[in-house]
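Every chain is numbered from 1, with letters handed out A, B, ... down the list of sequences.
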Amino acid sequence: MTLSAPRPIIALRDVQKYYSDYHALRGITAEIQQGEFFSLLGPSGCGKTTLLRTIAGFEDVSSGTVHIDGKDMDGVPANVRPTNMVFQSYAIFPHLTVAENVGFGLRRAALSRTEKAAEVDAALKMVGLTGYGGRAAHALSGGQRQRVALARALILKPKVLLLDEPLSALDKKMREQMQIELRRLQRQVGITFILVTHDQEEALIMSDRIAVMFEGQIAQLASPQQLYRRPISRQVAEFIGVMNFLPVQVLGENGGRVQLNVAGLGACEITAEQCPSGVQIGAASVGLRPETLTVLFEGEVARGRELLGRVEEVQYFGDMTSYEVSLPDVARPVSISMRNLVGRQVLERGAPARVAWEEGALVLFC
Amino acid sequence: MMQSSLIGRVARSENLRGWAMVSPTALVAILLLAAPLGMIVAFSFMTDGYLEILPEFTLENYTKAWADPLFRQILFRSLYVSALVTAATVVLAFPIAYFVSFHVAPERKSLWLFLITIPFWTSYLIRVFLWKVILGYSGVINSGLMGLGLISEPLTFFNYSVSAIIVTLAHAYAPFAILPIFVALERIDRSLLEASRDLGEGHLRTFWRVTLPLSIAGVVSAVLIVFIPTVGDYVTPQLIGGGKIPLVANLIQNRMLDLDNKPAGSALAVSSMVIVAIISVAFLWANRRYLRVGR
């Protein structure tokens, strides 16, 4: 076994999907590695669920190939594929008990009745539902249904577990708890998870890698940090978190440094690494995350550069305060989020604000 | 003051409103269903006079009825015909309901249901007559086959037979079976079928383990909706059977009107009603107890 270039568990090559005249998937190419927690992130209608269903075998590809564990899945029906799915609605069989639901797919396995029962118990234990086996499926809460759906899929030890927005029906607390639990479970079983979600925070928290999808295409496939810090386009940057955009003139490029003149901020120089979409001389825009800007208080000294603005709007979140600050020569106020540290007062609307920023935080979009 | 608030409270009470809402229907039901039924039950325990019914309690009507081999034979035949009609109807209705629910585009479903109910546009009597035209001695089938030269003499086995009655009734009751099964199939969350496929089951096993158990309530309603009224069907055996194959309703009619023995007829009616009720309850119970398909 060689360490170099491990075979991807899933390889998608130029996957296209048409629904009559609607082009749902427009050439998806991606490789997903064994044991990875992979997310498909995008707004509704971007094709992420279609892609998941294509991997599961519920949709045929119009062209292109899907390989799972090295095998071409063309013509392989869903019931034969080495994948299992956690459905958005959980799809718990209402006429069966919890144990019968979890053991549903074990019929084919050559197991005795007691072995099956032991497997079901183990699966229930894994998802924290020990002792729930005899309950009627319809008497479960949302979170419990979710766990049953997980146990039912994982009991078959699939090569890939597909999760279609599994947390969207849960309330916030439960969702946060399940995010941690899903991640823990994934590490424990070592199975590749593919999660479909429209919630960027969820994708960032849980994934090893994320594919951001728009209109049937992957806009960017990267790690959460890379995606957040170096989004490849304004569209991706806007979808993941909040970003302030400022018009910019790209003046020149030499020796890995790029010279800019940013509206309101003035002349500055950034590294090529801060230009994920490349460099083109002329008008473009730069992005700045709200937390990379700082509102300075009396006596504080800027680490980078400083300019004077005015507070237009204040939103107090308890742990954080979000400001909208207008800067000279910048058309729209910029968002700045500040942690409410001890002793740091909250500025009022209309107050002057000294804003500090750093060149290293800029991202150029050409 | 107290009085008016009490009246106000009563008028506002949800219960009273509920009763007020159902009272017209309830009144009709009591007058046209419950009261005649009560009279039939009462008659069945009375003595038959020459021209009138004597209000003297007796069990003789029942003992006579059950001692009569003709009644037992005809009741048994009615149940047998009904059971076959039910089986035929439900077995044939299921694929139709399944087709409409699973293979017809959502916007076309109401059109299909509409088409299925078209037979109801003509009266039951006319539909029965139509089957008579088709199945009769010189009916469509016989004249067709003779015209084609396939047979030289009209076939008789389906003219005035139990099978002709079954065909006619099965056709007449088909929509009653299709609709409840369709409704049950419509309620099935389609992701459950995908889940079953995802968990390794093919189409047939998915049908057996998910679709059928989840639609069984519709099948049970279809069975009862078809079975109960067909036991008491009067028109079809009269017209299709040519009066030669009476079912229990024909016998009751004969006792009630031809022989003018209302107590005897009532006893037959009550007896068959009780038998049907017992069979239906037993069926429901058995279904709950044993027919847990797909486990």
Just give me the residue among [options] that pairs up with chain B most often, heavy atom to heavy atom, under 4.5 Å.
options                              : value
A:Gln88, A:Arg53, A:Arg81            : A:Arg53
A:Pro94, A:Gly57, A:Ala153, A:Ala149 : A:Pro94
A:Leu162, A:Asn84, A:Leu106          : A:Asn84

Top of B:Gly202, B:Gly200, B:Ser196 for chain A proximity - count of heavy-atom pairs under 4.5 angstrom: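 So the answer, after comparing B:Gly202, B:Gly200, B:Ser196, is B:Gly200.
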Which of B:Leu199, B:Leu193, B:Asp189 touches chain A most, by non-hydrogen pairs under 4.5 Å: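 Top option by heavy-atom pairs under 4.5 Å: B:Leu199.
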Could you tell me which portion of [X] (side chain, backbone, both or neither) has an atom closer than 4.5 angstrom to a non-hydrogen atom of chain A?
X        : answer
B:Leu192 : both
B:Thr206 : neither
B:Arg205 : side chain
B:Asp198 : both

B:Phe207 and B:Tyr98 aromatic ring geometry - parallel, tilted or perpendicular at 30°/60° bounds: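 Correct class here is perpendicular.
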Part of A:Phe93 within contact of chain B (heavy atom distance under 4.5 Å):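 Both parts, backbone and side chain.
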Check [Y] with [X], please: is the shortest side-chain N to carboxylate O separation under 4.0 Å?
X        : Y        : value
B:Arg190 : B:Glu194 : no
A:Glu100 : A:Arg152 : no
A:Glu31  : A:Arg13  : yes
A:Asp208 : A:Arg183 : yes

Donor-acceptor contact below 3.5 Å, side chain A:Ser112 vs main chain A:Glu115: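 Present.
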Donor + acceptor pair across side chains of A:Tyr90, A:Asp164 (<3.5 Å):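 The answer is no; no qualifying pair exists.
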